[in-house]
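Take a look at the structure set out below.
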Number of protein chains: 2
Amino acid sequence: MISTRGRYAIRVLIDLAENDNGGYIPLKDIAARQDISKKYLEIIVKDMVSGGLLVGASGKGGGYKLCRKPEEYSVGEILELMEGSFATVACLADDAAPCPRAKECQTLPLWEEYDKITHDYFYSKHLSDLL
Amino acid sequence: MISTRGRYAIRVLIDLAENDNGGYIPLKDIAARQDISKKYLEIIVKDMVSGGLLVGASGKGGGYKLCRKPEEYSVGEILELMEGSFATVACLADDAAPCPRAKECQTLPLWEEYDKITHDYFYSKHLSDLL
DNA sequence: GTATTTACCTACTATGTCAATAGGTAAATA
DNA sequence: TATTTACCTATTGACATAGTAGGTAAATAC
């Protein structure tokens with residue numbers, strides 16, 4: 001299940017793309033337009049900055065703006081950054097302990113194929129497709 | 001993320017299919033072979049019986065057995081029963097309150113398409129494919 | 001008809017994650 | 001100097017997950 005972290009991140013990027021005026025856009029405005037708690041968005045946006053999805057500037061006239069063109073953001077990259085990974089079962093998560101049953105596990109290929117479908121779908125979609 | 005409820009349910013069905021001897025198989029044996037807590041499996045298996053995935057019989061010689069042929073179980077049906085639904089975002093869950101933003105939401109089609117891909121994938125796979 | 005084996009039932013619990021909130025400090029501009 | 005903004009640390013309530021504990025009811029074997 002994709003959480004608010006990933007979903008809100010995408011909405012922030014859409015908002016920034018559609019309200020782009022060349023300068024920085026204050027989080028207050030984004031939060032108001034998107035009807036999301038500004039305080040909660042701060043946490044999410046902070047991770048987006050450190051993850052290289054956008055840049056921030058403090059002080060008057062500050063705010064956030066995109067650091068790439070919308071077609072250069074894949075949805076998969078955004079979700080993977082915000083959700084950790086989109087592994088659909090625990091044993092395929094990035095930080096999972098190696099499963100001792102993996103070799104003979106009859107369900108593993110099912111999850112692996114689904115993970116691949118998921119990966120391919122979200123990496124084929126870009127921010128520009130959502131505008 | 002698919003939880004142990006759905007994953008263990010599939011493993012129980014695989015175990016029953018592969019150890020089918022025409023009669024009932026005690027949960028104790030399934031739990032031992034699959035290395036899953038029998039107590040926890042009781043909860044899962046109970047829901048599988050009430051959901052029509054298998055039948056149980058009490059007493060000596062009792063246990064569980066499949067009530068259909070393996071090719072008549074779709075993975076999608078199993079997961080949907082055990083996980084509630086496999087909606088990938090909260091606003092598409094079966095019990096979700098209608099989202100006031102749905103009409104103008106620019107991300108909704110992204111999630112809807114992914115939900116459809118997920119649905120189609122899991123309903124195309126059957127227990128017989130996993131044996 | 002008693003002992004044994006099995007399913008089936010209700011309740012409880014530890015742990016972790018999610019979705020925030022609270023209350024600040026630092027930086028940049030007017 | 002005042003204002004606006006990002007940025008930082010800590011805390012919280014609600015809920016889900018993955019179990020555990022301790023029983024009762026049903027069916028068969030002897």
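For clarity, every value in this text was computed on a predicted model and none was experimentally measured. In what follows, chains are A, B, ... by sequence order, proteins preceding strands, each numbered from 1.
The two atoms that bring A/Glu71 and A/His126 nearest to each other are O-CD2, 3.4 Å, heavy atoms only. Contact detail for A/Arg7 and A/Ile2: the closest heavy-atom pair is NH1-O, 2.8 Å. In terms of heavy atoms, A/Leu108 sits closest to A/Cys91 at CD1-SG, 4.3 Å. Shown here for B/Cys67 and B/Val55, the closest heavy-atom pair between the two residues is CB-CG1, 4.2 Å.
Judged by closest nucleotide on DNA chain C, B/Val49 is the one of B/Val49 and A/Ala57 placed further toward the 5' end. Annotation: of the two residues near DNA chain D, B/Gly61 and B/Glu83, the 5′-most nearest-nucleotide partner is B/Glu83. The nearest heavy atom of DNA chain C to A/Gly59 and to A/Thr4 marks one nucleotide each, and the one closer to the 5' end goes with A/Thr4.
Using a cut-off of 4.0 Å between Lys/Arg side-chain N and Asp/Glu carboxylate O, B/Asp29 and B/Arg33 are scored as not salt-bridged. Residues A/Arg101 and B/Asp35 are not paired through a salt bridge, judged by the lack of any N-O separation under 4.0 Å between the basic side chain and the carboxylate. A salt bridge does not link B/Asp15 with B/Arg11: every distance from a Lys NZ or Arg NE/NH1/NH2 to an Asp or Glu carboxylate oxygen is 4.0 Å or more.
B/Phe86 and B/Tyr123 have perpendicular rings, their planes meeting at more than 60° on a 0 to 90° scale where under 30° would count as parallel. Aromatic ring orientation, B/Tyr8 versus B/Tyr40: perpendicular (interplanar angle above 60°, classes split at 30° and 60°).
For the pair A/Ser37 and C/dT21, the criterion of a side-chain N or O lying under 4.0 Å from OP1 or OP2 is met.
Separating the NZ atom of A/Lys46 from the P atom of C/dA20 is a distance of 17 Å, rounded to the nearest angstrom. Per the geometry, CE belonging to A/Met1 stands 17 Å off P belonging to C/dT17, to the nearest Å. What separates CG of A/Asp35 from C1' of C/dA20 is a distance of 14 Å, to the nearest Å. Straight-line distance from the OH atom of A/Tyr40 to the P atom of C/dC18: 8 Å, rounded to whole Å. The distance between atom CG of A/Asp47 and atom P of C/dA20, rounded to the nearest whole Å, is 15 Å. A/Glu42 places its CD atom 14 Å from the C1' atom of C/dA19, with the value rounded to the nearest Å. Spacing between atom CD1 of A/Ile43 and atom P of C/dA20 amounts to 10 Å, rounded to whole angstrom units.
Of all nucleotides listed (C/dT29, C/dG23, C/dT10), C/dG23 comes nearest to the side chain of A/Lys39.
Judged by distance alone, the side chains of B/Tyr73 and B/Ser128 never bring a donor and an acceptor atom under 3.5 Å apart.
Contact check of residues 16-32 of chain B against DNA chain D (heavy atom, cut-off under 4.0 Å) returns no residues at all.
Taking a heavy-atom distance under 4.0 Å as the criterion, the stretch of DNA chain D touched by chain B extends 5' to 3' from D/dA18 to D/dA29.
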Reading DNA chain C 5' to 3', what string of ( ), [ ], | and . shows its pairs, if Watson-Crick and G-U wobble pairs count only when both distances fall under 3.5 Å? ||||||||||||||||||||||||||||||

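The main-chain N or O of A/Lys69 is found under 3.5 Å from a side-chain atom of A/Glu72 such that the two form a donor-acceptor pair. Remark: side-chain polar atoms of B/Gln34 are not paired, donor with acceptor, to backbone N or O of B/Val12 under 3.5 angstrom.
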